[in-house]
Each structure stands twice: as structure tokens, then as C-alpha cells.
Amino acid sequence: MNKGFSLKNIVIAAVSLLTILGAFLPWATVKVLMLEKTLNGISNETGVADGIFFVIGAVITIVLAIVFIKKEDLSTGTKCAISILNVLLTILAIAKIVDINSVPLTTVGAGLYILIASTAITAVLPWVPYNKMLGK
């Protein structure tokens, strides 16, 4: 008997919204003397707007969660797809931090840390047994 929306899918979609937010927040700050420039993942000032990969990945995750929102649990294929996609996004975010830290006079912004947290959490969420935790 279907009792409503799946809490797991709602949580997955909500955390994926944080991924979209992280793409728009500052990724790096460059300070030279009195000048300071902040770049986010969507800005194309560096030649590549890598934040678009995170937005697309988050949208795919949200769509998968919403498509199956009436199901009690996600299928194994859907769980694997969400996890693999978000693990790849986590690796990309870590690579961006390493890349930014290799450039002198730059600091990593909060957006990348939010991306690492949100994508790593989203990769694990499909496998969390919500029914057992809620006593169902």
C-alpha cells in the first residue's frame, strides 16, 4: 500500500539542490596586492565553466529521485546511477580544489566545499535504509 511520497527521494532531491547552490557560490579567490577577484563555477572567465557539470549532474539526480518519488525504495540500477554520478562529481570537485591550490595567491571558496559534501552525501543516500531507521 502506497502511503505517499518517499522520504529518501525527497532527501536526495534536497541535497542535490545544495549541489546546484554550490555551483553558483565562490570557488576561488585570487588576491594580488589590493586587488581581489572571486570566481564561481558558472563563470566562464577561466575558459571553462565546470560548474555546469555539477548543475547537470544535480538535475539528473533530482529527476531520478522525483520519477520514483511514489516508490517505497529505489531500484538497484537507479541507486547505482545516482551513486556513480555523484562519486564522479565528488572526484571532480576534489580535483578542482587541488587545481586551485596549485595556483599561487588563490584560496578555495566555500562553493567547492559544499559541492564535495553534497555530492558525497548524495552518493551514499540511496543505500541508507530509511524504513529500518523509521521503524517501518
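Here the straight-line distance linking atom SG of Cys80 with atom CG of Leu85 works out to 12.5 Å at 0.5 Å rounding. How far CG of Leu39 is from CD1 of Ile100: 8.0 Å, rounded to the nearest 0.5 Å. Rounding to the nearest 0.5 Å gives a distance of 5.0 Å between CD1 of Ile114 and CG of Leu25. Atom CG of Asp73 is separated from atom NZ of Lys79 by 4.0 Å, given to the nearest 0.5 angstrom.
A single hydrophobic cluster is seen to contain both Ile121 and Leu74, as judged by linkage of ILVMFWY side chains at heavy-atom distances under 4.5 Å, directly or through other members. Connection of Trp127 to Leu64 is not established within any shared hydrophobic cluster, with ILVMFWY side chains joined at heavy-atom distances below 4.5 Å, either directly or through further cluster members. No continuous path of ILVMFWY side-chain contacts below 4.5 Å connects Leu18 to Leu92, so the two sit in separate hydrophobic clusters. Ile10 and Leu21 sit in two unconnected hydrophobic clusters of ILVMFWY residues. Membership requires side-chain heavy atoms under 4.5 Å apart, directly or through other members.
Residue pairs meeting the side-chain hydrogen bond (donor to acceptor under 3.5 Å, both in side chains) criterion with at least one member in residues 84-95, sequence neighbours excluded: Thr61-Asn86, Thr90-Thr119. Applying the side-chain hydrogen bond (donor to acceptor under 3.5 Å, both in side chains) rule to pairs touching residues 104-114 yields nothing, sequence neighbours excluded.
As a member of the Ile/Leu/Val/Met/Phe/Trp/Tyr network built from side-chain separations under 4.5 Å, Leu35 groups with nothing else and remains a singleton. Taking a 4.5 Å side-chain heavy-atom cut-off between Ile, Leu, Val, Met, Phe, Trp and Tyr, the cluster of Ile84 extends to Leu88. Other members of the cluster containing Ile91 are Val87, with ILVMFWY side chains joined at under 4.5 Å, either directly or via other members.
Of all non-hydrogen atoms in Phe54 and Leu89, the two that sit nearest each other are CE2-O, 3.2 Å. Heavy-atom minimum distance, Val15 versus Ser118: CG1-O, 3.5 Å. Nearest heavy atom pair, residue Ala23 against residue Leu115, reads N-CD2, 3.9 Å.
Asn101 has its side chain within reach of Val108: a pair of non-hydrogen atoms, C-beta onward, lies under 4.5 Å apart. Between Glu36 and Thr29 there is a side-chain heavy-atom pair separated by less than 4.5 Å. Residues Lys96 and Asp50 are in side-chain contact: their nearest non-hydrogen atoms beyond the backbone lie under 4.5 Å apart.
Scanning for side chain to side chain donor-acceptor pair (under 3.5 Å) contacts around Ser75 gives Thr78, with sequence neighbours left out.
Checked by atom type and distance alone, the side chain of Lys37 never pairs as donor or acceptor with a backbone atom of Lys31 at under 3.5 Å. A distance-only check finds a donor-acceptor pair linking the side chain of Trp27 to the backbone of Gly22 [under 3.5 Å]. A donor-acceptor pair under 3.5 Å links the side-chain atoms of Lys8 to the main chain of Pro126, judged by distance alone.
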Please walk me through it: do Ile20 and Val59 pass side chain to side chain contact (heavy atoms under 4.5 Å, CB included)?
CA-CA 8 Å; Ile20 293 172; Val59 168; 4.2 Å; yes

